[in-house]
Amino acid sequence: TQNVLGEKGQRIRELTSVVQKRFEFAEGAVELYAERVQNRGLCAQAQAESLKFKLLAGLAVRRACYGVVRFVMEASAKGCEVIVSGKLRGQRAKAMKFGDGYMIKTGHAGQVYTDIAVRHVAMRQGMIGIK
């Protein structure tokens, strides 16, 4: 939350004004609140960002993905699946799936009980997708 708030709440005020100008709201009509995530291991967006920064730092794809899956499962999740696609090694693009536990993918339960996040990582060879 410190990254979002900034020095004496300066950054959150900047973000508020940017949102206000971008979507043409009236002055003072927008209020932004920053709240800490209760359990980072169960937040798909936090884990997708974590994996993005691991890949940008140069960590191998398999090692980074298995690390994220293990972290999520240690946070008492029922199941986890990480899909990474793009030019992982060489010119040919491919998709890799890393999973553990029990995953509901179909039906209404799949939409309600699973947390999904998608990120795009601009690597030297091209874009890599993380889901």
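One-based numbering along the sequence shown.
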Measure the shortest side-chain to side-chain distance between Ile128 and Lys52 over non-hydrogen atoms and say whether it is less than 4.5 angstrom. no
Shortest non-hydrogen contact from Val19 to Phe25? O-CD1, 4.2 Å
I'd like to know if Tyr66 and Leu88 are part of one continuous hydrophobic network [Ile/Leu/Val/Met/Phe/Trp/Tyr, side-chain heavy atoms within less than 4.5 Å]. yes
Contact check, side chains of Gln91 and Gln125, non-hydrogen atoms, under 4.5 Å: yes
Taking Thr114 for the side chain and Gly110 for the main chain, is one N or O donor matched with an acceptor at less than 3.5 Å? yes
Lys97 to Ile83 - nearest heavy-atom pair and separation: CG-CG1, 3.8 Å
State the CZ-CD distance between Arg119 and Gln45, to the nearest 0.5 angstrom. 5.0 Å
Closest contact, heavy atoms only, Ala46 versus Arg40: CB-CG, 3.9 Å
Surrounding NZ of Lys54 (heavy atoms of other residues, nucleotides or ligands, distance under 6.0 Å), is the total greater than 12? yes
Asp100 side chain vs Cys80 backbone, donor-acceptor pair below 3.5 Å: no
Leu55 and Met123: which non-hydrogen atoms are nearest, and at how many Å? O-CE, 3.4 Å
Do Arg13 and Gln10 pass the side chain to side chain contact (heavy atoms under 4.5 Å, CB included) test, and can you show the C-alpha distance, the side-chain angles, and the key distance before you say yes or no? CA-CA 5 Å; Arg13 285 195 300 274; Gln10 178 188 357; 4.0 Å; yes
I need the Ser17 OG to Glu27 CD distance, nearest 0.5 Å. 8.5 Å
Taking all non-hydrogen atoms of both residues, which atom of Ala77 and which atom of Met73 are closest, and how far apart? O-CE, 3.5 Å
Lys105/Glu81 salt bridge by N-O under 4.0 Å criterion: yes
Distance check, rounded to the nearest 0.5 Å: Ile130 atom CD1 versus Cys65 atom SG? 7.0 Å
Would you check if Val84 and Val121 make a side-chain contact, meaning some heavy-atom pair closer than 4.5 Å? no
Indicate, with yes or no, if Val112 and Ile104 share a hydrophobic cluster defined by side-chain heavy-atom contacts under 4.5 Å among Ile, Leu, Val, Met, Phe, Trp and Tyr. no
Distance, nearest 0.5 Å, that separates NZ of Lys78 from CG of Leu42: 11.5 Å
Do you know which two heavy atoms are closest between Gly41 and Ala75, and how far apart they sit? CA-CB, 3.7 Å
Do Val82 and Ile116 sit in one hydrophobic cluster, given that two such residues count as connected whenever their side-chain heavy atoms are within less than 4.5 Å of each other, even indirectly? no
Nearest-0.5 Å distance that lies between atom OG1 in Thr16 and atom CG in Leu32: 3.5 Å
In one Ile/Leu/Val/Met/Phe/Trp/Tyr side-chain cluster, 4.5 Å: Met96, Leu59: no
Could you tell me whether the side chains of Tyr33 and Glu31 share a donor-acceptor contact shorter than 3.5 Å? yes
Under 4.5 Å between side-chain heavy atoms, counting indirect links through other Ile/Leu/Val/Met/Phe/Trp/Tyr residues: same cluster for Phe71 and Leu51 or not? no
